[in-house]
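Would you mind keeping the following structure in view while I ask a few things?
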Amino acid sequence: MSVLKELERASLSPTKDLDPSHHPMDDYLRMDRMPHIWCPTCGIGVSVNCFAKAIEKARIPLDDITVVSGIGCTGRVAGYMKVDSFHTTHGRAIPFATGLKLANPKLKVVVFSGDGDLMAIGGNHFISAARRNIDITVICVNNFNYAMTGGQLASTTPEGSVLSTSPFGNFEAPFNLPFLAESVGAVYVARWTSLHIYNQTVAMVEALKKPGFTFIEILAPCPTIFERQQKFGDGLDRLRWYCDNSIIRHGADTHDVDIKLHDPVIVGKFVDKERPTYLDSMNTHFRKRFGDRYKDYEG
Amino acid sequence: MDGDHACCEGALAAGCRFVAGYPITPSTEVVERFSRRAPMVPGAFFIQMEDELAASITLQGAVWAGKKAMTVTSGPGFSLMMEHIGLAVMAEVPCVFVNVQRGGPSTGLPTLPGQADMMQARWGSHGDYEIIAICPNSPQECFDLTIDAFNLAEQYRVPVMFMMDECVGHMMERVIIPEADTIEITPRRYTKLPPGEYLPYKPGEDLVPEMFKAGDGYRLHITGLTHDYKGYPVMSADIQEQLVRRLVDKIRLNAPKIWRYEETAVEDAEVVVIAYGITSRVAVEAVAMARKEGIKVGMLRLIVVWPFPEDRIFELASQGKGLVVAEMNYGQVFYEVDRCARGRAPVVLAGHGGGTVHNVEAIVEKIREAHKCRS
């Protein structure tokens, strides 16, 4: 499918688009904070757009949703969403979100952050929240480097990538995020690229609606640093590359979806399973233990 | 009941309904009790997090969702929490950090007392800020002052450090728990302004802004970055000056309302012993012994250590009273006392590195020294 077609397929409703007094993102974004800080053809804005669309499609009232971010380029997402939003510390968006969710289970809590934040410094929190099956959605925009700090090696950087702290090429084995997420207990795991606007949005809708720890990895261009350093061109060039080199394989064994610098990438919905959430397990356990004396915890 | 358990009961009495913990000696009994109590207290929730970094921010998420929350740790865990103490200061999150102190540095003396985290409580996180730190010296105070800690946290929207020590934490004494309706509880100061009018960081007259909670329809942004009244990040020296000065001033200017100390026989004293926590109980003995020797000595027990009662220390020093600071470290509060005395009186440290309470005679010796310096 062509890039244009993909964009067309995911476009917002025409009536709203044609109304000059109403920007389609007015309800979702803090327009008083525009322009945003992201670079032209960066993939983060695409995901924010898809996320807004997903909230609409999932019919979640904006008052009920909270977005939590850590630090970095994607860490700024919380600040642009017109919902209750929290820009926390580096790596700790997930435990903050855990506190929000467990203190008020009625909230729909989404963690929207980058690969460095969620997976390196925040790795312990990621695996622990997935293991417990905390009912939150984690959206990880993976641009393969620490972009805001100037392009250093990340835990997701493909082998061979040249970055400011891997000037002779990266020789570390990177995380395979879907495999990691599945192995520690996530109930929903999907990966898409910034090209896959429609699929990305659908994945977000599914993740938002599914109880439990749901995880979406978005492979996004970082034109200013990663794509430039690897001589991949700009963000649009990268989308063209993704267009020619993405293999959609739903239900793929996550063991096989690791990313090599020049190889095609496997995308799709890999995991969609049922498991009691943390609070379900807790309430069931205490009901069994204490009988009628126990009143279900509801926040 | 021991001090750790009394602290847990005090927290429950204060309305704390969310505890995120990570085990560390000698603080763990606080959360062990809370984990046992929580299922039967409506709305109460306990989770043991994966580490102290998680615990110290999970509780802040819980606060924004409407709970009163605390976490409990000891020195090494407290070190790990420092960044989030900074976040709680910057985002003005009312919450309580309990630190049952042990000997350090590093792993130090896990099962033995220390009082060497006092400066960590004051200065441990980066940037300029003020917090409140309270030092109980008995299980009864662990109960009573934990309630105060929550009340002060709510009143000033500040993280409050509850600085116990291993001896106070593990000491068994009779604790009288008052009737629930006689306990004063400061409710959270939620705004009554509607969305659109309310600004989350516009301070009131006492320099403290009102709060909102997630899910109430305000759709606001909270950040650890320097921010304006709206909560939006602003990278400017002007906004930094306005915001950080207010964060500091809301404690400094209100300090006389926050200070708490006890004085014994200070009026006629030529020497005053200053102590806090478990050391204050040993110091009482030392004062009695020195009085028997004929030295006119009194006692100032710090209950709230931060903000520091600078004015009172300066008054005592100005009256020419020699000052002895007894604490389980090699000089932390001592330097504050010395600073506040401004050279008006001799200040002597009776310190040691922790592991055991002071030898009474060691404090008496320092009282004699201060008395000699003075005359």
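The analysis underlying the following values was restricted to heavy atoms, covering all of them including side chains, and did not include hydrogens, waters or symmetry mates. Order of the sequence lines fixes the chain letters, A, B, ..., with proteins taken first and strands second; residue numbering starts at 1 for each chain.
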Q) Between A:Asp32, A:Leu107, A:Ile127, which has the largest tally of heavy atom pairs under 4.5 Å with chain B? A) A:Asp32
**Q.** Heavy-atom pairs under 4.5 Å with chain B, option from A:Glu298, A:Arg293, A:Lys106 with the top count
**A.** A:Arg293
Q) Would a distance-only check, ignoring hydrogens and angles, find a side-chain to backbone donor-acceptor pair under 3.5 Å from A:Asn142 to A:Asp115? A)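 It does not hold such a pair.
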Q.
Does atom CZ (B:Arg36) have a neighbourhood of more than 12 heavy atoms from anything else shown, all under 6.0 Å?
A.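 At most 12 heavy atoms, drawn from other residues, nucleotides or ligands, come within 6.0 Å of this atom.
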(Q) Any salt bridge linking A:Arg287 with A:Asp296? Criterion: basic side-chain nitrogen under 4.0 Å from a carboxylate oxygen. (A) yes
Q: Give the member of B:Gly43, B:Gly224, B:Ala91 that has the highest number of heavy-atom pairs under 4.5 Å with chain A.
A: B:Gly43
Q. For the residue pair A:Phe86 and B:Trp64, does the interplanar ring angle fall in the parallel (under 30°), tilted (30 to 60°) or perpendicular (over 60°) class?
A. tilted
Q. Measuring heavy-atom distances to chain B, does A:Phe96 have an atom under 4.5 Å in its side chain, in its backbone, in both, or in neither?
A. both
Q | Leading residue by heavy atom contact count with chain A [cutoff under 4.5 Å; candidates B:Ala214, B:Gly66, B:Ala55, B:Ala38] | A | B:Ala214
Q | Part of A:Leu279 within contact of chain B (heavy atom distance under 4.5 Å) | A | side chain
Q: Give a yes or no on this: more than 12 heavy atoms of other residues, nucleotides or ligands lie within 6.0 Å of atom CG of B:Asp181.
A: yes
(Q) Within this structure, what is the OG1-CD1 distance for the pair A:Thr89 and B:Ile57, rounded to the nearest 0.5 Å? (A)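 A:Thr89 atom OG1 to B:Ile57 atom CD1 measures 3.5 Å (nearest 0.5 Å).
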Q) Pick from A:Ile94, A:Asn124, A:Ile71, A:Val68: which one has the most heavy-atom pairs with chain B under 4.5 Å? A) A:Asn124
Q: Please state whether the side chain, the backbone, both or neither of A:Arg131 comes within less than 4.5 Å of a heavy atom of chain B.
A: neither
Q) Looking at A:Lys101, A:His90, A:Lys82, A:Lys295, which one has more heavy-atom pairs under 4.5 Å with chain B than the rest? A)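 Heavy-atom pair counts peak at A:Lys82.
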(Q) For B:Met40, which atoms come within 4.5 Å of any heavy atom of chain A: side chain, backbone, both, or neither? (A) side chain
Q: Drop me the distance from B:Tyr232's OH to A:Arg30's CZ, to the nearest 0.5 angstrom.
A: 5.0 Å
Q. Contact part of B:Ala69 toward chain A, heavy-atom cut-off under 4.5 Å: side chain, backbone, both or neither?
A. neither
Q. Relative to chain A, which segment of B:Ala54 carries a heavy atom at a distance below 4.5 Å: side chain, backbone, both, or neither?
A. both
Q. Which answer fits A:Leu102, side chain, backbone, both or neither, if we ask what part of it has an atom under 4.5 Å from a heavy atom of chain B?
A.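 Both backbone and side chain.
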**Q.** Region of B:Lys230 that comes under 4.5 Å of a non-hydrogen atom in chain A
**A.**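 Just the side chain, heavy atoms under 4.5 Å.
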Q | Geometric class of the B:Phe46/B:Phe34 ring pair [parallel <30°, tilted 30-60°, perpendicular >60°] | A | tilted
(Q) Tell me if the aromatic rings of A:Phe286 and A:Tyr297 count as close, with their centers under 6.0 Å from one another. (A)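 Ring-ring flag for A:Phe286/A:Tyr297: false, centres at least 6.0 Å apart.
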Q: Please look at A:Leu62 and chain B and tell me whether the side chain, the backbone, both or neither of the residue comes under 4.5 angstrom of a heavy atom of that chain.
A: both
Q.
So for A:Arg289, is it side chain, backbone, both, or neither that comes closer than 4.5 Å to the heavy atoms of chain B?
A.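 Answer is neither: A:Arg289 stays 4.5 Å or more from chain B.
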Q.
As an exercise: rank B:Leu87, B:Asp51, B:Val63 by heavy-atom pairs under 4.5 Å with chain A and give me the winner.
A.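 Most pairs with chain A among the choices: B:Asp51.
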Q: List the steps and the verdict of side-chain hydrogen bond (donor to acceptor under 3.5 Å, both in side chains) for B:Gln155 and B:Thr186.
A: CA-CA 7 Å; B:Gln155 190 170 350; B:Thr186 306; 5.0 Å; no
Q. Does the gap between the ring centers of B:Phe150 and B:Phe162 come in under 6.0 Å?
A.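 Between B:Phe150 and B:Phe162, the centre distance exceeds or equals 6.0 Å.
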**Q.** Ion pair check, B:Glu9 and B:Arg33, cut-off under 4.0 Å
**A.**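 Here B:Glu9 pairs with B:Arg33 in a salt bridge, since their nearest N and O are under 4.0 Å apart.
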Q: Side chain from CB out, backbone as N, CA, C, O: work out which of these in A:Met81 comes under 4.5 Å of a heavy atom of chain B, or both, or neither.
A: neither
Q.
What part of B:Leu59 gets within 4.5 angstrom of chain A, counting heavy atoms only: side chain, backbone, both, or neither?
A.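 No part of it gets close to chain A.
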